[in-house]
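Below, each value reflects all heavy atoms present in this structure, side chains not excepted, and no hydrogens, waters or symmetry copies.
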Amino acid sequence: PVPAIATETSWGAYTKIRWTRREPWYRSDGKTPMADISIIILTHDSLHEPTVPCLESVFRHTGIEDFEVIVVDNDSHDGTRAYLTELAGREPRLRCVLNTVNRGFAGGNNDGIRAASGSDLVLLNNDTQVSEGWLAGLRASLREDGTIGLVGPVSNAVGNEQKIFTSGVTPADILAEGAAWVRHSRGDAFETERLGFFCVALRRETADTVGPLDETFDLGFYEDDDYSLRVRKAGYRLLCREDVFVYHRGSSSFGKAPGKTKELLRKNHRLLERKYGIRSAPRHPRDRQLDHVESYLQEQKHTRNPDDL
C-alpha cells in the first residue's frame, strides 16, 4: 500500500497534483502506524560526500522519536543506490524510493511525501548534518501551535535570516559553533516570510491542504519560495527556531555546473514572478536580521526587571 496517490490536472500553464489519501502504512501487527515522523531525503550521486555523513547524523542524533527515513534517489550512478539498498536491509527505519530519472527537487520530495506514513513530515537536504535534539525542537512548534505551517532551523549556509555567523571550516567545527548558539537561544524563535527548504518540517494536514511542491520548477531553485507563499496564503505562519541548528554544506547538487545553475536560477525566478504576477525582490537578509535584533531589544526593554537597572 501507499499513503497517497496523485492525479494530474491542468492548472493554467502549470501542473497541479491533487492527492487522495489512502490508509497509512502499518507495522506487522496490523494496528500500529509505521512512524509518527517521516524524514525525507533526496540523493543524486555524491554518495560519500555528503550523503553518508547526512544519514549517519540523522540516525545518531534523532533520539527516541518514532521516525522513519525515506530516501528518494534521483537516478544516481555512483554506487548510491547499492549503498541505500544495503543499508535498508539492516536499518528497519529506512525505506528507499529509487527513481529511474532525475525528478528534481520538487518531484523527488513529492515522491517521498507520497511514500511517507508520518503525521509530521521533514524535508531534509542530503548535504546537511543534524545535531542533538533537532527533530524534537522542530516538532514541538508544530505540536504546540496549529497556526504554524512550516518550521525550520538556523544554519551556517542559507540565503535568508535563518543564517547565523560561523567561522569554522570543517563540519565538526561549524556544528560546535551551532551547538553554542543553541545553548544561548533556548526557547527563541521568530516568524519569517520564507524558509529555506534545506530543512523544513510540516504537518501532514498542511501538506494535504497546500498540496505538493510545484514540479514546474524542474531540478530546483525557488520552489521553496513558492511553497512558503502558498503556505502563508493558506493562512499559516512560518517559524524559525533559533534553538535548533542544522549544518548545511550548500550547492552540493549544482556546484559542479555553475553555468547551468545561473540559467536555472533566472528561469525559475521568472517562473515565480509569472505565477504570482509579482516582481520578486526580497529584502536583503541583513535587513531582516536587523529587524529581529530590534524586536529582541524592544522585548527586553519591556520585560526587564527595573531592579536590574
Side-chain angles (χ1 to χ4, degrees), residues 37 39-43 46-65 67 69 71 83 87 91 93-94 120 122-142 150-192 194-201 224 238-255 284-286 288-293 295-297 299-300:
I37 313 164
I39 303 167
I40 298 161
I41 301 173
L42 301 190
T43 58
S46 303
L47 171 59
H48 297 290
E49 196 63 47
T51 298
V52 170
C54 173
L55 288 172
E56 289 177 345
S57 77
V58 168
F59 287 116
R60 183 184 304 118
H61 295 304
T62 303
I64 63 173
E65 289 87 355
F67 72 96
V69 176
V71 177
Y83 166 80
L87 181 59
E91 174 49 76
R93 295 170 295 183
L94 174 64
D120 291 334
V122 179
L123 308 184
L124 183 69
N125 277 15
N126 72 325
D127 62 347
T128 61
Q129 292 184 40
V130 301
S131 54
E132 202 69 37
W134 74 287
L135 187 57
L138 295 178
R139 198 184 191 205
S141 294
L142 296 178
L150 299 174
V151 58
V154 293
S155 183
N156 59 294
V158 57
N160 64 3
E161 62 271 26
Q162 291 175 260
K163 182 177 180 179
I164 65 171
F165 173 77
T166 57
S167 59
V169 176
T170 68
D173 290 341
I174 295 171
L175 281 162
E177 293 181 76
W181 179 280
V182 166
R183 285 194 299 272
H184 290 89
S185 305
R186 295 296 182 191
D188 290 344
F190 61 84
E191 285 191 50
T192 182
R194 170 187 172 272
L195 286 170
F197 272 36
F198 68 96
C199 176
V200 69
D224 47 2
L238 279 56
L239 191 74
C240 175
R241 292 282 302 242
E242 294 200 74
D243 55 0
V244 178
F245 178 84
V246 170
Y247 165 80
H248 184 209
R249 179 182 176 184
S251 303
S252 289
S253 298
F254 298 98
H284 195 283
R286 175 196 57 232
R288 296 283 298 169
Q289 287 166 336
L290 288 173
D291 288 346
H292 293 307
V293 170
S295 68
Y296 285 145
L297 290 175
E299 182 179 351
Q300 287 187 347

Kindly indicate, with the supporting measurements, whether the criterion side-chain contact (heavy atoms from CB on, under 4.5 Å) is fulfilled by I40 and L123.
-> CA-CA 5 Å; I40 298 161; L123 308 184; 3.9 Å; yes
Decide yes or no on side-chain contact (heavy atoms from CB on, under 4.5 Å) for I41 and V69, but give the supporting numbers first.
-> CA-CA 7 Å; I41 301 173; V69 176; 4.0 Å; yes
Checking side-chain contact (heavy atoms from CB on, under 4.5 Å) for the pair D224/L195: CA distance, chi angles, key distance, verdict?
-> CA-CA 7 Å; D224 47 2; L195 286 170; over 6 Å; no
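From R93, atom CZ reaches atom OG1 of T62 across 7.5 Å, with rounding to the nearest 0.5 Å. Note: E132 CD to L175 CG = 11.5 Å, rounded to the nearest 0.5 Å. With rounding to the nearest 0.5 Å, the separation of CD1 in I174 from OG1 in T166 is 4.5 Å. In this structure, F165 CZ and W181 CH2 are separated by 11.0 Å, a value rounded to the nearest 0.5 Å. Rounding to the nearest 0.5 angstrom, the gap separating the CD1 atom in I164 from the CD atom in E177 is 8.0 Å. In this structure, SG in C240 is found 9.5 Å from CG in L138, a value given to the nearest 0.5 Å.
No donor-acceptor pair under 3.5 Å is formed between the side chain of R139 and the backbone N or O of D120. Looking at T51, its side chain never comes within 3.5 Å of a backbone N or O of N126 through a donor-acceptor pair. The closest donor-acceptor contact from the side chain of N125 to the backbone of D127 lies at 3.5 Å or more, if one exists at all. Within the 3.5 Å criterion, the main-chain N or O of P171 finds no donor-acceptor partner in the side chain of Q129. Checked by atom type and distance alone, the side chain of S131 pairs as donor or acceptor with a backbone atom of F245 at under 3.5 Å.
Considering all non-hydrogen atoms of both residues, G187 and D243 come closest at N-OD2, 3.0 Å. Contact detail for C199 and P153: the closest heavy-atom pair is O-CD, 3.3 Å. For H61 against W134, the heavy-atom pair with the smallest separation is O-CD1, 3.7 Å. Pairing each heavy atom of G137 with each of V244, the nearest pair is CA-CG2, 3.9 Å. Heavy-atom minimum distance, F198 versus S155: CZ-CB, 3.5 Å. Of all non-hydrogen atoms in A180 and H184, the two that sit nearest each other are O-ND1, 2.9 Å.
For the residue pair H248/N156, the side-chain donor-acceptor check at 3.5 Å is not satisfied. There is no side-chain donor-acceptor pair under 3.5 Å between T192 and Q162.
Residues L135 and V130 are not in side-chain contact: their nearest non-hydrogen atoms beyond the backbone lie 4.5 Å or more apart. Under the 4.5 Å side-chain criterion, counting only non-hydrogen atoms from C-beta, V71 is not in contact with Y83. S57 is not listed as a side-chain neighbour of Y247, based on a closest heavy-atom distance of 4.5 Å or more. Contact annotation: the side chain of R241 approaches that of S141 to within less than 4.5 Å [non-hydrogen atoms, C-beta and beyond].
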